[in-house]
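Right, one structure below, let's go through it.
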Number of protein chains: 2
Amino acid sequence: MEPTEDGVSRWRRVSDLLRAGIADGSLADRLPPEAELAERFAVNRHTVRRAIAVLARDGLLRAEQGRGTFVNAPAPRLPYPVGPRTRFSENVLAQSRQPGGRLIRADRVRADAGIARLLACDPGAPLHRLETLHVADGVPLSVATSWFSAARFPGIVQAYAESGSVTEALRREGLLDYRRRETRLTAERLSPGDADHLSASPDGLVLVSTAIDVDGEDRPVQALRTRFHADRMELVFRH
Amino acid sequence: MEPTEDGVSRWRRVSDLLRAGIADGSLADRLPPEAELAERFAVNRHTVRRAIAVLARDGLLRAEQGRGTFVNAPAPRLPYPVGPRTRFSENVLAQSRQPGGRLIRADRVRADAGIARLLACDPGAPLHRLETLHVADGVPLSVATSWFSAARFPGIVQAYAESGSVTEALRREGLLDYRRRETRLTAERLSPGDADHLSASPDGLVLVSTAIDVDGEDRPVQALRTRFHADRMELVFRH
DNA sequence: TGCCATTTGTTCGTATGTATT
DNA sequence: AAATACATACGAACAAATGGC
C-alpha cells in the first residue's frame with residue numbers, strides 16, 4: 001500500500017478536497033454517492049466515509065441513510081466595518097446581533113522590539129497583555145491580543161474583566177476617547193490555540209489585523225493583534 | 001501515548017508547529033537543540049529530526065553539524081497602502097520596486113446578480129471581464145478580476161493591453177479620474193489557477209479584496225476582485 | 001401494496017505505515 | 001535491531017432506510 005508521502009492521511013486529504021469543493025461551490029446541494037467519490041479520489045469507500053464523517057461533525061455535511069449526503073448552507077459572513085472609530089459592540093449591534101466577550105488570559109510582559117515600535121515606547125517597558133475573545137450571538141468571531149502601557153493603565157486588566165469592553169476599561173482608566181490610527185492586514189492559518197477558542201476547524205483561516213489606537217494627542221494607547229475568523233466575517237473599509 | 005487523531009502524522013505536526021513558530025517570530029534566528037524540541041513537543045528526537053529535515057528541504061531552516069539549526073530569514077512583506085486613491089504602480093514605486101503587470105485573459109460576460117449589485121447595473125448587462133497579474137521587481141504579488149460596463153468602456157481591453165495600467169486605460173476611454181468607494185476583505189486559500197499565476201505553493205493564502213471604484217458622480221465604473229498573496233504583502237489602512 | 005434499485009450504516013478480516021520502547 | 005502498540009487503508013459482505021414503479 002502506498003504510504004502517506006506528505007504526512008497527511010488519505011481521509012484527511014479527501015476531507016480537504018471535499019471542503020474545498022463545498023467552499024467554491026463545485027459541490028453544491030448534494031454530494032455524489034460514496035461509491036462514486038471513492039472511485040473519483042481513487043480510495044476505498046471507508047476512506048471517503050471517514051472524510052465525510054469529519055465534515056459532518058463540523059456541520060458542513062449531513063448524511064441521511066438511504067437518501068444521500070447533503071451540503072449544509074453556510075452562515076453568511078458578518079460585515080464588520082473598520083474605520084477610525086471602530087467599536088466591536090457597535091458593529092455587532094448594527095447587525096442585530098448580541099455582542100459579547102471574555103478575557104482569555106492576562107499577564108505582564110516587557111515590550112519586544114516590534115511592540116515597542118508600535119506603541120512608541122522603550123523596548124523592555126512593562127506592559128499589560130490581554131488575550132480576549134469576541135462573540136456575536138454566542139458565535140466566536142475573533143481573538144485579540146492587546147498591549148497597554150502598565151505605567152499609564154495600571155488597572156486595565158481589572159477594568160476589562162469587570163466591564164468586558166475595551167472602551168469602557170479605558171474610560172475607567174481615565175481615557176475618555178481614542179481612535180484607530182492604522183490597520184495592517186494579512187492572512188494566516190488558524191493557530192491550534194485560536195482554533196480552540198474560536199470553536200473552529202484547525203485548518204480554518206484568519207484575517208490578522210495589527211492596529212494602533214491613539215489618544216487625542218495622537219499618542220499610542222493600545223497595540224492590537226486581532227485574528228478574525230475568515231469564514232464568519234468580512235472586513236469592510238469605506239474610503 | 002497520544003495517537004495522530006486528526007489524520008496528520010507527528011513529524012508533520014511538529015513541522016507545522018515549527019513553521020508557525022518561524023512565521024510568527026517566536027522561533028528566531030536559532031532553533032533550540034533537537035533534544036529540547038523533542039521534550040517540548042513530547043515526541044521522540046527522531047520525529048523532530050524528520051520535521052526539521054522537511055523544513056530544511058524547503059529552505060526555511062539550515063542545519064549545521066556540531067553548531068545547531070538556524071532559521072533562514074524570509075523576504076519581508078511589502079506594505080501596500082489602500083485608500084480612496086489606491087494605485088498599484090504608485091504603491092510599488094513608493095517601495096522602490098519596479099511595478100509591472102500583464103493581461104492574463106479578457107472576455108465578455110453578462111452580469112450575474114452579485115456583480116450587477118456591485119456595479120449598480122442590470123443583471124445580464126454586457127461586461128468586459130479582465131484577469132490581470134501584478135508584479136513588483138518581477139515577483140508576482142496579486143491577481144485581479146475586474147468587470148467594466150461594455151457599453152461605457154468599449155475599448156477597455158485594448159487600452160489595458162497596450163498600457164498595462166487600469167488608470168491609463170480608463171483615461172483613454174474618457175474617464176479622467178476615479179476613486180475607491182468600498183473595500184471588503186476576506187481570506188482564502190489559493191486556487192490552483194491563481195497559485196500558478198503567482199508562482200506560489202498551492203497551499204498558500206490570499207487576501208481577497210472585493211472593491212468598487214466610482215467616478216466623479218459616484219457611479220460605479222469598476223468592480224474588482226483582487227487576490228493578494230498573503231506571504232508577500234500586507235494591506236495598510238490609514239484612518 | 002410489494003418489489004427493487006440506490007444509498008448510507010455496520011462489521012468482519014487483512015495488510016501496511018508510524019512512533020516508541 | 002527487534003518488538004510492540006496504534007493509526008491508516010483496502011476489500012467484501014450484509015443491514016437499514018429511502019424512493020420510484
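All chains are named by letter (A, B, ...) in the order of the sequence lines, taking the proteins before the strands, and each is independently numbered beginning at 1.
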With a cut-off of 3.5 Å and sequence neighbours excluded, list every side-chain donor-acceptor pair involving residues 109-119 of chain B.
unit_1	atom_1	unit_2	atom_2	d
R110(B)	NH1	G124(B)	O	2.6
D112(B)	OD1	G114(B)	N	3.1
D112(B)	OD1	I115(B)	N	2.9

Rounded off to whole Å, could you give me the [atom1]-to-[atom2] distance for the [X] and [N] pair?
{"X": "L61(A)", "N": "dT7(C)", "atom1": "CG", "atom2": "P", "value": "17 Å"}
{"X": "R13(B)", "N": "dA7(D)", "atom1": "CZ", "atom2": "C1'", "value": "12 Å"}
{"X": "R12(B)", "N": "dA19(C)", "atom1": "CZ", "atom2": "P", "value": "12 Å"}
{"X": "R49(A)", "N": "dG11(D)", "atom1": "CZ", "atom2": "P", "value": "16 Å"}
{"X": "R62(A)", "N": "dT7(C)", "atom1": "CZ", "atom2": "C1'", "value": "15 Å"}

Completion exercise
For dG13(C), the nucleotide meeting Watson-Crick or G-U wobble distances (both under 3.5 Å) is dC10(D)
Fill in the blank from the handout: The contact string for nucleotides 12-21 of chain D, one letter per nucleotide 5' to 3', using protein heavy atoms under 4.0 Å with B, S and - for base, sugar-phosphate only and none, comes out as BB--BBBS--
Completion exercise
So side chain to side chain donor-acceptor pair (under 3.5 Å) across residues 91-100 of chain A, not counting sequence neighbours, yields none
Handout entry: Distance-only donor-acceptor check, side chains R232(A) and S142(A), under 3.5 Å
Key = no
Problem - Neighbours of DNA chain C within residues 28-42 of chain A, by heavy-atom distance under 4.0 Å - result: R30(A), P33(A), E34(A)
Please tell me if [X] has a side-chain N or O lying less than 4.0 Å from either OP1 or OP2 of [N].
{"X": "T69(A)", "N": "dT7(C)", "result": "no"}
{"X": "W11(A)", "N": "dT8(D)", "result": "yes"}
{"X": "S9(A)", "N": "dA7(D)", "result": "no"}

Handout entry: Audit row: H128(B), R108(B), side chain to side chain contact (heavy atoms under 4.5 Å, CB included) steps and yes/no
Key = CA-CA 5 Å; H128(B) 286 301; R108(B) 284 179 66 112; 3.8 Å; yes
Practice task
From the options dG9(C), dA9(D), dT8(D), select the nucleotide whose nearest atom is closest to the side chain of A63(A).
Solution key: dG9(C)
Exercise for the section: Give a yes or no on whether a salt bridge exists between E34(A) and R49(A), defined as a side-chain N under 4.0 angstrom from a carboxylate O. Expected result: yes
Handout entry: Steps toward side chain to side chain contact (heavy atoms under 4.5 Å, CB included) verdict (I52(B), L37(B))
Key = CA-CA 10 Å; I52(B) 288 175; L37(B) 290 173; 4.3 Å; yes
Exercise for the section: Check whether any side-chain N or O of R77(A) sits under 3.5 Å from a backbone N or O of A230(A) as a donor-acceptor pair, and report yes or no. Expected result: yes
Exercise for the section: Report the residues that fulfil ring-ring contact (aromatic ring centres under 6.0 Å, His included) with H197(A), sequence neighbours left out, ordered by chain and then residue number. Expected result: none
Exercise for the section: Kindly write out the residues that satisfy side chain to side chain contact (heavy atoms under 4.5 Å, CB included) with V135(A), not counting sequence neighbours, or none if the list is empty. Expected result: L133(A), P140(A)
